[in-house]
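Written out below as structure tokens is the structure these notes cover.
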Amino acid sequence: MTQTKVHELPPLPYDYNALEPHIDEQTMRLHHDKHHLAYVNGLNTAEAKLAEAREKGDFSLVKHWEREAAFHGAGHFLHVIFWENMSPNGGGEPTGELAEAINSRFGSFKNFWAQFKAAGAAVEGSGWVLLVKNTMTKELDILTAEKHQDLSQWVTLPILACDVWEHAYYLRYQNNRAAYLDAFANVINWNDVANRYSALK
Ligand SMILES: [Fe+2]
């Protein structure tokens, strides 16, 4: 049986009413105690079901549970960041290294905030606006997510990537993507994967 760590809802790093009047207590209670908890529970269920599937060797519902893991996982991890990103003593502008990075990437804090606000306002339906650091370029970027995830979990980094667009295999394998995945297994550079894994520690 594979070990699956159970995720838990972390307490808020401040009181429910600490962000008043900007964010009201009732919203914080519902948002944290109900909505965030639902993502934690959903992620645990998805991971347990995927562990069960591996155990049984039955991946017939893998698409469903991967979607659930992405939705609830991204929801859970983003909310952890969101709570910690706020403080009763917050506001103002960043200083130091972050301020320099923002100025260099966006021109000024004013420009950064204008784009961040516009991007957040333009998200279709439910979602997030995120300031991110790209781990390859080391640059800051502003990105948005519809819902939480688009089938991925934020705060994860790819260490093994396999392109499953048709252009990656169609000439040789036509519609047989599974055969292409078998072929891919024969050329994986596990040293590279291991190096990427170690670099994260
Ligand atoms: Fe939320």
Side-chain angles (χ1 to χ4, degrees), residues 4-53 61-95 98-99 101-102 105-106 109-135 139-159 200:
T4 301
K5 195 171 140 196
V6 175
H7 301 276
E8 290 176 0
L9 179 67
L12 284 179
Y14 34 72
D15 289 338
Y16 291 98
N17 64 0
L19 304 179
E20 292 266 15
H22 308 289
I23 316 277
D24 64 281
E25 177 177 352
Q26 191 183 13
T27 295
M28 290 299 286
R29 285 191 181 278
L30 285 168
H31 200 170
H32 178 268
D33 294 4
K34 305 291 184 192
H35 292 274
H36 189 169
L37 179 62
Y39 299 129
V40 172
N41 293 338
L43 176 59
N44 284 328
T45 300
E47 291 189 350
K49 291 291 184 183
L50 287 167
E52 196 180 302
L61 293 177
V62 70
K63 186 167 159 183
H64 171 72
W65 291 116
E66 291 287 0
R67 284 177 185 274
E68 287 287 289
F71 176 76
H72 293 289
H76 169 42
F77 300 129
L78 284 175
H79 279 90
V80 172
I81 296 171
F82 179 59
W83 307 133
E84 292 180 3
N85 276 167
M86 296 187 288
S87 160
N89 306 312
E93 295 186 14
T95 54
L98 176 61
I102 286 175
R105 183 62 165 159
F106 302 102
F109 179 77
K110 188 166 164 273
N111 287 352
F112 151 73
W113 185 252
Q115 184 180 335
F116 191 87
K117 184 177 165 186
V123 172
E124 290 181 8
S126 308
W128 296 78
V129 55
L130 306 145
L131 174 64
V132 302
K133 182 177 178 182
N134 183 306
T135 59
E139 292 274 19
L140 294 173
D141 276 309
I142 292 168
L143 296 172
T144 57
E146 292 180 3
K147 295 194 285 181
H148 308 297
Q149 80 289 10
D150 275 351
L151 307 189
S152 187
Q153 295 178 350
W154 291 87
V155 310
T156 62
L157 281 175
I159 61 169
L200 290 176

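Every number for a ligand or one of its atoms is a count from 1 in the order of the listing. A quick note: this is a predicted structure, and the numbers were derived from the prediction, not measured.
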Quiz item: In chain order, what residues pass the salt bridge (charged side-chain N to carboxylate O under 4.0 Å, His left out) check against E84, with sequence neighbours excluded?
Solution: none
Quiz item: Got a second to check how far L98's CG is from E93's CD, nearest 0.5 Å?
Solution: 11.0 Å
Quiz item: List-wise, which protein N, O or S atoms are found short of 2.8 Å from the Fe ion (ligand 1)?
Solution: H31 NE2, H79 NE2
Quiz item: Can you name the residues that form a side-chain hydrogen bond (donor to acceptor under 3.5 Å, both in side chains) with H32, not counting sequence neighbours?
Solution: none
Practice problem: Mind checking side-chain hydrogen bond (donor to acceptor under 3.5 Å, both in side chains) for T45 and listing every partner two or more places apart, or none if nothing turns up? | Solution: none
Quiz item: Centres of the W128 and H79 rings: under 6.0 Å?
Solution: yes
Quiz item: Are any non-hydrogen side-chain atoms of H64 and K49 less than 4.5 angstrom apart?
Solution: no
